[in-house]
Amino acid sequence: MPEMPEHHDEGSAIASTGAGGATDLAMSEAETLEKVPGGPDGTGPDKKARSLWSDAWHDLRRNPIFIISGLIILFLVVIAIWPQLIASGNPLDCDLSKAQEGSQPGHPFGFNGQGCDVYTRTVYGARASIQVGVLATLGVTLLGSVLGGLAGFYGGAWDGFLSRITDIFFAIPVILGGLVLLSVVSNNSVWPVIGFMVLLGWPQISRIARGSVITAKQNDYVQAARALGASNSRMLLRHITPNAVAPVIVVATIALGTYISLEATLSFLGVGLKPPTVSWGIDISSASQYIRNAPHMLLWPAGALAVTVLAFIMLGDAVRDALDPKLR
């Protein structure tokens with residue numbers, strides 16, 4: 001009589017090396033992989049689904065553009081808050097006897113037309129420029145998101161009214177508006193410049209927020225929440241805003257660099273920040289008349305401005321790539 005095959009308990013090792021044993025081994029391995037959360041590549045059914053934000057952060061951490069631009073911005077923010085860490089002098093201390101002189105020991109960037117240290121003024125100039133850019137971006141984003149989000153959610157007469165208002169603001173040239181509005185302001189602080197940027201900058205964010213909310217409120221989960229009796233405020237705050245804010249963040253991040261550049265432009269034209277405030281735009285304006293005899297006066301503040309704007313634009317591009325599912 002042939003011996004009956006031994007019965008193996010489930011999960012026991014397969015000792016046979018025949019065809020049947022190989023099949024049983026393959027099936028055993030498959031069952032084992034199914035029991036491992038996420039499977040061999042981390043995409044199994046037991047793996048918890050990641051949200052848009054976790055996916056975006058996962059991509060950003062591996063994006064060299066985001067890392068480089070983030071480090072540059074972090075450095076600029078640190079020196080804007082604590083410029084004395086790398087510049088021990090006073091940006092307002094000037095010596096006319098050294099006017100337009102080039103690099104010297106202890107003064108690597110030379111001196112400007114008033115005999116002030118260009119290096120110290122370049123370092124301290126980051127404070128005003130970044131302060132204007134960050135605060136203007138926050139104001140524009142907050143005002144534009146609220147107005148645009150409400151218009152997109154409620155629609156009707158409010159949407160039509162806001163659309164006409166934004167059309168009027170879009171028709172105003174930014175530089176011309178700055179020349180007209182800021183020329184009558186005698187305040188030397190950064191607040192008039194920030195207020196002007198918020199006044200003329202919110203329509204762009206408003207349009208983005210409106211379109212994003214209109215798209216989000218048509219999704220099935222919003223309709224289900226409405227059918228279950230959720231209030232308008234709950235739907236707007238809990239269901240629509242988290243899924244509509246990504247385009248606003250992308251546009252605001254890119255716009256931050258634009259506002260820094262706009263502040264320098266207005267200061268160059270004489271209607272932005274004014275002395276004794278230290279700003280890259282002011283230094284570029286004062287150095288433009290000496291560009292042939294002392295180009296170093298223009299090179300360093302203009303280079304700092306260009307690097308800062310480029311860093312924020314690179315950061316915005318990286319954030320856009322991470323938050324836009326169509327680019328994955």
Side-chain angles (χ1 to χ4, degrees), residues 72 75-136 175 178-197 257-312:
I72 294 175
F75 172 75
L76 292 171
V77 170
V78 170
I79 67 171
I81 300 175
W82 301 289
Q84 61 275 10
L85 292 177
I86 61 174
S88 57
N90 189 331
L92 300 180
D93 288 344
C94 305
D95 185 357
L96 284 176
S97 63
K98 299 180 179 180
Q100 303 183 41
E101 291 185 3
S103 176
Q104 297 179 5
H107 305 279
F109 294 176
F111 299 87
N112 64 8
Q114 301 296 323
C116 304
D117 183 44
V118 175
Y119 171 77
T120 303
R121 291 188 62 86
T122 301
V123 172
Y124 275 82
R127 172 177 293 178
S129 297
I130 293 180
Q131 183 181 9
V132 170
V134 171
L135 294 179
I175 301 299
L179 291 173
V180 174
L181 295 178
L182 295 177
S183 61
V184 298
V185 177
S186 58
N187 193 329
N188 293 332
S189 67
V190 300
W191 297 109
V193 178
I194 294 173
F196 162 75
M197 293 182 180
T258 304
Y259 291 135
I260 294 177
S261 178
L262 178 59
E263 177 274 318
T265 303
L266 295 174
S267 298
F268 178 84
L269 296 175
V271 296
L273 302 180
K274 301 176 179 62
T277 303
V278 181
S279 167
W280 291 331
I282 294 175
D283 288 351
I284 292 173
S285 177
S286 61
S288 60
Q289 54 185 321
Y290 303 105
I291 188 171
R292 291 186 178 181
N293 299 329
H296 66 275
M297 294 171 49
L298 179 64
L299 174 64
W300 297 110
L305 175 65
V307 170
T308 302
V309 174
L310 179 62
F312 279 106

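Residues forming a side-chain hydrogen bond (donor to acceptor under 3.5 Å, both in side chains) with Ser97 (at least two apart in sequence, or on another chain): Asp95. Remark: Asp283 engages Arg121 in a salt bridge (charged side-chain N to carboxylate O under 4.0 Å, His left out) (not counting sequence neighbours). Looking at residues two or more places apart in sequence or on another chain, you find a ring-ring contact (aromatic ring centres under 6.0 Å, His included) between Phe111 and His107. Looking at residues two or more places apart in sequence or on another chain, you find a ring-ring contact (aromatic ring centres under 6.0 Å, His included) between Phe109 and Tyr119, Trp300.
Applying the side-chain hydrogen bond (donor to acceptor under 3.5 Å, both in side chains) test to residues at least two apart or on different chains, the pairs with a partner in residues 264-274 are Glu263-Ser267. Legend: salt bridge (charged side-chain N to carboxylate O under 4.0 Å, His left out) pairs involving residues 293-302, not counting sequence neighbours: none detected.
Residues Gly89 and Thr120 share a closest heavy-atom pair of O-CG2, 3.6 Å. Taking each heavy atom of Val271 and Gly178 in turn, the nearest pair found is CG2-O, 4.0 Å. In plain terms, the two heavy atoms of Tyr124 and Pro91 that are nearest each other are CG-CG, 3.8 Å. In plain terms, the two heavy atoms of Leu182 and Pro192 that are nearest each other are CD2-O, 3.6 Å. Shortest non-hydrogen contact noted between Val118 and Pro301 is CG1-CD, 4.4 Å. Considering all non-hydrogen atoms of both residues, Ile284 and Ala302 come closest at CD1-CA, 3.8 Å.
Judged by distance alone, with hydrogens and angles left aside, the side-chain atoms of Ser285 form no donor-acceptor pair with the main-chain N or O of Gly281 at under 3.5 Å. Without hydrogens or angle criteria, Ser183 side chain to Val180 main chain gives a donor-acceptor distance under 3.5 Å. Side-chain atoms of Trp280 come within 3.5 Å of backbone N or O of Thr122 as a donor-acceptor pair.
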His296 and Tyr290: CA distance, side-chain angles, deciding distance, side-chain contact (heavy atoms from CB on, under 4.5 Å) verdict: CA-CA 9 Å; His296 66 275; Tyr290 303 105; over 6 Å; no
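Under the 4.5 Å side-chain criterion, counting only non-hydrogen atoms from C-beta, Val185 is not in contact with Phe196. A heavy-atom distance below 4.5 Å is found between the side chains of Ile175 and Leu269. Using a 4.5 Å cut-off on side-chain heavy atoms (C-beta onward), Leu92 and Val278 make contact. The shortest distance between side-chain heavy atoms of Ile86 and Phe75 falls below 4.5 Å. Side-chain contact between Ile282 and Pro275 is present, with heavy atoms from C-beta onward closer than 4.5 Å. Here the side chains of Ile79 and Leu85 are not in contact, with every heavy-atom distance at 4.5 Å or above.
How far CE of Met297 is from CD of Gln114: 8.5 Å, rounded to the nearest 0.5 Å. A distance of 5.5 Å separates CG in Leu266 from CE in Met197, rounded to the nearest 0.5 Å. Ile260 contributes atom CD1, which lies 5.5 Å from atom CD1 of Ile130 (distance to the nearest 0.5 angstrom). One finds the CG atom of Leu298 at 9.0 Å from the OG atom of Ser286 (value rounded to the nearest 0.5 Å). How far OH of Tyr259 is from CD1 of Ile194: 12.0 Å, rounded to the nearest 0.5 Å. The structure places CG of Leu76 at 11.0 Å from CD1 of Ile81, a figure rounded to the nearest 0.5 Å.
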